[in-house]
2 protein chains.
Amino acid sequence: MLNSVEKHIGVPAYIQIMNVIKKEILLGRLKSDDQLPPVRELAKIFKVNMNTVIRALEKLQGEEVIRAEHGVGYFITVTQNIDFSIIGELKKSIEKAKKDGLSLGMMKLLIEEVWKNVK
Amino acid sequence: MLNSVEKHIGVPAYIQIMNVIKKEILLGRLKSDDQLPPVRELAKIFKVNMNTVIRALEKLQGEEVIRAEHGVGYFITVTQNIDFSIIGELKKSIEKAKKDGLSLGMMKLLIEEVWKNVK
DNA sequence: ACTATTGTTCTATATAATTAGAACACTATA
DNA sequence: TATAGTGTTCTAATTATATAGAACAATAGT
């Protein structure tokens, strides 16, 4: 499930950690109210300093993906589990757009713009 | 169309420049083989050093959004113009996902993953 | 060839982001 | 109330990023 983070590949350790956790959620392997391993253990797993883990977890808190309980632990807090039919639809749209020559960078920008303008 | 870039707002000037150009393309105001203004002029417009413009343009080249011709200029190189029906579909999917509580961060990661796994 | 116009490269500097070490603080349970 | 297990904060150092100034190089037209 979790293994050590790659260093000096351009993408910061804490971002990689954030992504690992988000992917676990997208894959349904982490669900609402599940507790994460303690920060010190995560630090060992990812082979980074404890503060690098905390950096990642604090950012995830900012995105309201997890919550912290001082002295207790970190918990997944996404309010509902992902509806996989939505993922299927997204997949189709993306596939189509990619075939039509829309790059990933353009796609991301487009998504941000759409996101802003959607109620 | 183009105006000066915002400084000290967290997002680097060269990224803002990249996004401005991408948006012009998404909006259909810049099309394949259109020539961009010269780097020195862009530098004046955005009120940054010439090299900051170049930084943006080189990254856009990396994404194959534009191409450089030494001594001549920069040109849009996206192979085809965007099919707006695709944008409409994407919009619907995103709207749905947003309503279901999927955050922008999660959405972006999901899109990257889907992108990787799509032929 | 010369010149104006355009992109490119080299170098330096300032700023911001990233990571880490060590001490602190809260919680639960015995 | 002591202790083990957990998150938090403070500080420092390193590393990477972003921006800029100045000189170089290609192109096109004269």
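The sequence lines fix the lettering, A, B, ..., with proteins before strands; numbering per chain opens at 1.
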Length of the [atom1]-[atom2] vector between [X] and [N], whole Å:
X: Q16(B); N: dT19(D); atom1: CD; atom2: P; value: 8 Å
X: I54(A); N: dT19(C); atom1: CD1; atom2: C1'; value: 12 Å
X: L60(A); N: dG7(D); atom1: CG; atom2: P; value: 14 Å
X: I66(B); N: dT6(C); atom1: CD1; atom2: P; value: 16 Å
X: K44(B); N: dT5(C); atom1: NZ; atom2: P; value: 11 Å
X: E58(A); N: dT19(C); atom1: CD; atom2: P; value: 14 Å
X: F75(A); N: dT27(C); atom1: CZ; atom2: P; value: 13 Å
X: I17(B); N: dA18(D); atom1: CD1; atom2: P; value: 12 Å

So which heavy atom on [X] is nearest to which on [Y], and how close?
X: M18(B); Y: A56(B); result: CG-O, 3.7 Å
X: G73(B); Y: Q35(B); result: CA-NE2, 3.6 Å
X: S32(A); Y: T77(A); result: OG-C, 4.2 Å
X: A97(B); Y: M107(B); result: CB-CE, 3.6 Å
X: I94(B); Y: W115(A); result: CG2-CE3, 3.8 Å

Exercise. Okay, side chain of E69(A), backbone of F75(A): is any donor-acceptor separation there less than 3.5 Å?
Worked result: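 Absent.
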
Problem set entry | Under 3.5 Å: donor-acceptor pair, side chain of D100(A), backbone of L102(A) |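 It does not hold such a pair.
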
Can you tell me if the side-chain N/O atoms of [X] get under 4.0 Å from OP1 or OP2 in [N]?
X: T52(A); N: dT18(C); result: no
X: N51(A); N: dT19(C); result: no
X: R55(A); N: dT18(C); result: yes
X: Y74(B); N: dT5(C); result: no

Exercise. If you pin A13(A) and M50(A) to their nearest nucleotides in DNA chain C, which one's is more 5'?
Worked result: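 Nearest nucleotide further toward 5': that of A13(A).
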
For this session: Would you check if V5(A) and T52(A) make a side-chain contact, meaning some heavy-atom pair closer than 4.5 Å?
Result: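 No - every pair of side-chain heavy atoms lies 4.5 Å or more apart.
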
For this session: State, to the nearest 10°, the angle formed by the axis through the first five base pairs of the helix from dA1(C)-dT30(D) to dA30(C)-dT1(D) and the axis through its last five.
Result: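 About 30°, once rounded to a multiple of 10°.
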
Exercise. Across the strands shown, which category fits L57(B) at heavy-atom distances under 4.0 angstrom: base, sugar-phosphate, nothing?
Worked result: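 It contacts nothing in the nucleic acid.
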
Problem set entry | Pairwise distance CZ(F46(A)) to CD(E41(A)) - rounded to 0.5 angstrom |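 That separation rounds to 10.5 Å.
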
Report, one pair per line, the protein and nucleotides 27-30 of chain D atoms (nitrogen or oxygen only) whose separation is under 3.5 Å.
none

Problem set entry | Ion pair E113(A)/K116(A), N-O distance below 4.0 Å |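 Looking at K116(A) together with E113(A), the answer is yes, because their closest N to O distance falls below 4.0 Å.
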
Exercise. When only distance counts, do a donor and an acceptor, one from the side chain of R40(B) and one from the base of dG7(C), lie under 3.5 Å apart?
Worked result: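 Per atom types, the contact qualifies.
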
